[in-house]
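What you see below is based on every heavy atom in this structure, not just the backbone, and it leaves out hydrogens, waters and symmetry mates. Source: prediction; values computed, not measured.
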Amino acid sequence: SIVVSDTASKSTQYAATILQARLRDALGVDLAVITDATEKQPYEIILGKTNRDACSVIDFSLLDSESFRVQNAGYDLVIAGNERGVLYGVYAYLEALGYRFYTVDVERIPAAEDIFVPSSIELTWTPAFEYRETM
């Protein structure tokens with residue numbers, strides 16, 4: 001399951017739909033997007049700050065608005081960030097799995113039977129400055 005906070009921002013909700021769609025494209029499996037108000041599921045992908053125990057491995061105060069941290073906590077995966085950072089973390093995780101996003105219309109989505117989470121994964125990024133433009 002993909003878990004977001006019951007009060008998740010629009011950016012985090014969008015990140016959940018992107019992750020769900022890309023994993024569906026690669027695996028043919030539609031993971032449920034649930035809120036942290038639901039009962040804990042085995043093997044969760046947690047987006048943003050939630051009430052799940054797995055979020056305790058992340059110090060959210062160290063993350064800027066566009067920073068992210070991807071880290072496993074036991075059998076769960078946490079993609080943490082504030083504001084747009086969660087979305088950037090989702091894209092970074094997908095790229096680590098072999099996805100490529102070239103333009104709005106051109107993507108490479110690998111076909112796979114399984115997606116696995118290594119026993120130890122840590123991806124962290126903070127932009128040098130806050131500005132993004134395609135041209």
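Ionic pairing of D64 and R84 is not present here: no N-O contact between side-chain nitrogen and carboxylate oxygen is shorter than 4.0 angstrom. Salt bridge present: D30 and R24 bring a charged side-chain N and a carboxylate O closer than 4.0 Å. Contact check on E122 versus R69 returns a salt bridge, with a Lys/Arg side-chain nitrogen under 4.0 Å from an Asp/Glu carboxylate oxygen.
When side chains are defined from C-beta on, L77 counts as touching V70, because their heavy atoms get closer than 4.5 Å. Looking at heavy atoms from C-beta onward, C55 lies in side-chain contact with I46 at the 4.5 angstrom threshold. In this structure the side chain of D76 never reaches within 4.5 angstrom of the side chain of I45, judged on heavy atoms. Proximity of E44 to I34: side-chain heavy atoms (C-beta onward) are separated by under 4.5 Å at one or more points. At a threshold of 4.5 Å between non-hydrogen side-chain atoms, the residues Y102 and E107 do not count as touching.
For the atom pair CG of L94 and CZ of F101, the computed distance is 4.5 Å after rounding to the nearest 0.5 Å. In this structure, NZ in K49 is found 11.0 Å from CD1 in I58, a value given to the nearest 0.5 Å. Interatomic distance, I79 CD1 to L19 CG, rounded to the nearest 0.5 Å: 5.5 Å.
Tracing side-chain contacts under 4.5 Å through hydrophobic residues (I, L, V, M, F, W, Y), one never reaches V78 starting from L97; they form parts of separate clusters. Hydrophobic clustering (side-chain heavy atoms under 4.5 Å, transitive across Ile, Leu, Val, Met, Phe, Trp, Tyr) keeps V57 apart from L123. Follow the hydrophobic side-chain contacts under 4.5 Å out from V104 and you never reach V106; the two are in separate clusters. Y88 and V4 fall within a single hydrophobic cluster, where Ile, Leu, Val, Met, Phe, Trp and Tyr side chains are chained together by heavy-atom contacts under 4.5 Å. In the hydrophobic cluster analysis, where Ile, Leu, Val, Met, Phe, Trp and Tyr join through side-chain heavy atoms closer than 4.5 angstrom, V3 is grouped apart from Y93.
When all heavy atoms are compared, the tightest approach of S11 to L87 is OG-CB, 4.2 Å. Taking all atoms of both residues into account, the shortest heavy-atom contact from A92 to F68 is CB-CZ, 3.4 Å. When every heavy atom of R52 is checked against every heavy atom of T35, the shortest pair comes out as NH2-O, 4.0 Å. Counting all heavy atoms, side chain and backbone alike, G81 lies closest to V86 at O-CG2, 3.4 Å. Taking both residues in full, the closest heavy atoms of V33 and A16 are given as CG1-CB, 3.9 Å, listed atom of the first, atom of the second, then distance.
Remark: side-chain polar atoms of N82 are paired, donor with acceptor, to backbone N or O of F60 under 3.5 angstrom. Of the possible polar contacts, one joining the D36 side chain to the N51 backbone as a donor-acceptor pair under 3.5 Å is found. Using a distance-only test at 3.5 Å, with no hydrogens or angles considered, a donor-acceptor pair links the side chain of S5 to the main chain of T7. Side-chain N or O atoms of Y99 include one that pairs as donor or acceptor with a backbone N or O of R22 at under 3.5 Å.
Side chains of T103 and D105: a donor-acceptor N/O pair is absent below 3.5 angstrom, by distance only.
Around the CG atom of D53, the shell of radius 6.0 Å holds no more than 12 heavy atoms that belong to other residues, nucleotides or ligands.
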